[in-house]
2 protein chains.
Amino acid sequence: MERSNHLLDDQFQMFETACRRAGLRLTHQRLEVYRELARAEDHPSAETLHQRLRRSIPTLSLDTVYRTLATLACHRLINKVDTVESQARFEATQHQHHHLICSKCKQITDFEWHSIDALPLPAQANEWGQVESKNVVVYGLCAHCQ
Amino acid sequence: MERSNHLLDDQFQMFETACRRAGLRLTHQRLEVYRELARAEDHPSAETLHQRLRRSIPTLSLDTVYRTLATLACHRLINKVDTVESQARFEATQHQHHHLICSKCKQITDFEWHSIDALPLPAQANEWGQVESKNVVVYGLCAHCQ
DNA sequence: CAAGTAAATAAAAATCATTTCTATTTAAGC
DNA sequence: GCTTAAATAGAAATGATTTTTATTTACTTG
Ligand SMILES: [Mn+2]
Ligand SMILES: [Mn+2]
Ligand SMILES: [Zn+2]
Ligand SMILES: [Zn+2]
């Protein structure tokens, strides 16, 4: 289930290019925050990411993690995930997918649903405005929490 | 587009019954918080609701609004809406629907999509655990913000 | 490959959203 | 009406995130 290093390297190359295009400097911290998020499969919060990164960059400050995540989300290089939780959660992947969220343990799991992706929105939605994204959020109890 | 007073009255009767069943006291504040939320069509935050309610109940405290919303959400009498925003937003309606969220003005609009409601989730989701809810969140720019 | 410069960082303080604490009030059962 | 546990108001505390400021650093230009 884990993405290959090769694919991650590709993603990382694209990230550096995208930063340059966006006029964002390639700082050590920024690269490492992105790399850690890209490696993660659990939609970590800023705090979680900070804890993980401290092992390799002990001086990294939490506000830098927050600032970096905000900057990257603003440039659409990462996504802030919709949840009902107090801590915001993030992901680096750009592939179209949806979320299963456990009401109990708050774990967020990706899933694919191509028939939805292909289905056009109802007329009401198109009249509303210009659609940018369309995602399904499923709540429930994961197998582990039942 | 506004719900009739008759329907609101019905909803309100059901709310009182549900509170009794849940062992929740029918306090003036609780009834008014619910009534104000049921009347609202804009998925207000706790703060917004508090501002509106202060007109009629000047002594109502903000923490009571927060506490009440948390209690009612816990008993499934209202919903906390999934968003990427910092302030939590709420709705009283229980009918199955989905959300259009404007990335700019953050306005949340309801829409219906019956073909999705009827469509079974992919196998991957059913293996994940016990599903409780399934909602679509659409981001984009509303007509007004374009 | 040195400056020069604007952007980014670390650390601390501030702010915003929400929760907790405590004394007081009140709904509901008797 | 009286009792009692639940709910409220107001204040203080907490948790998450943002802002401020002085310092450092990536990238430009000569
Ligand atoms: Mn995801
Ligand atoms: Mn709604
Ligand atoms: Zn779980
Ligand atoms: Zn808008």
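Residue numbering restarts at 1 for every chain, and letters A, B, ... go by the order of the sequence lines.
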Nearest 0.5 Å, what's the OG1-CD distance between Thr48(A) and Gln87(A)?
-> 6.0 Å
Parallel, tilted or perpendicular, as decided by the 30° and 60° cut-offs, for the rings of Phe111(A) and His98(A) | tilted
Answer yes or no: does atom NE2 of His144(B) have more than 12 heavy-atom neighbours from other residues, nucleotides or ligands under 6.0 Å?
-> no
Matching residue for His50(B) among Leu60(B), Asp63(B), Ile57(B) - test: side chain to side chain contact (heavy atoms under 4.5 Å, CB included) | Leu60(B)
Report the distance from atom CD of Glu85(B) to atom P of dC16(C), rounded to the nearest whole Å.
-> 16 Å
Per the under-4.0 Å heavy-atom filter, residues of residues 54-80 of chain A near DNA chain C come out as Thr59(A), Leu60(A), Ser61(A), Asp63(A), Thr64(A), Arg67(A)
Quick one: do Asp42(A) and Arg52(A) make a salt bridge, cutoff under 4.0 Å?
-> yes
Flag if over 12 foreign heavy atoms under 6.0 Å of CD, Glu16(B) = yes
Only one of His99(A), Gln107(A), Lys106(A), Arg89(A) passes side chain to side chain donor-acceptor pair (under 3.5 Å) with His43(A); say which it is.
-> His99(A)
Could you grab the distance from atom CZ of Arg30(B) to atom CZ of Arg35(B), nearest 0.5 Å is fine?
-> 15.0 Å
Reading DNA chain D 5' to 3', which nucleotide is the first, and which the last, to come under 4.0 Å of any heavy atom in chain A?
-> dA16(D) to dC27(D)
Distance (rounded to the nearest 0.5 Å) between Leu141(A) CG and Leu100(A) CG | 12.0 Å
Give, ordered by number, those residues of residues 20-30 of chain B having at least one heavy-atom distance below 4.0 Å to an atom of DNA chain C; if nothing qualifies, reply none.
-> Arg25(B), Leu26(B)
Hey, does the side chain of Lys104(B) reach the backbone of Gln146(B) with a donor-acceptor pair shorter than 3.5 angstrom?
-> no
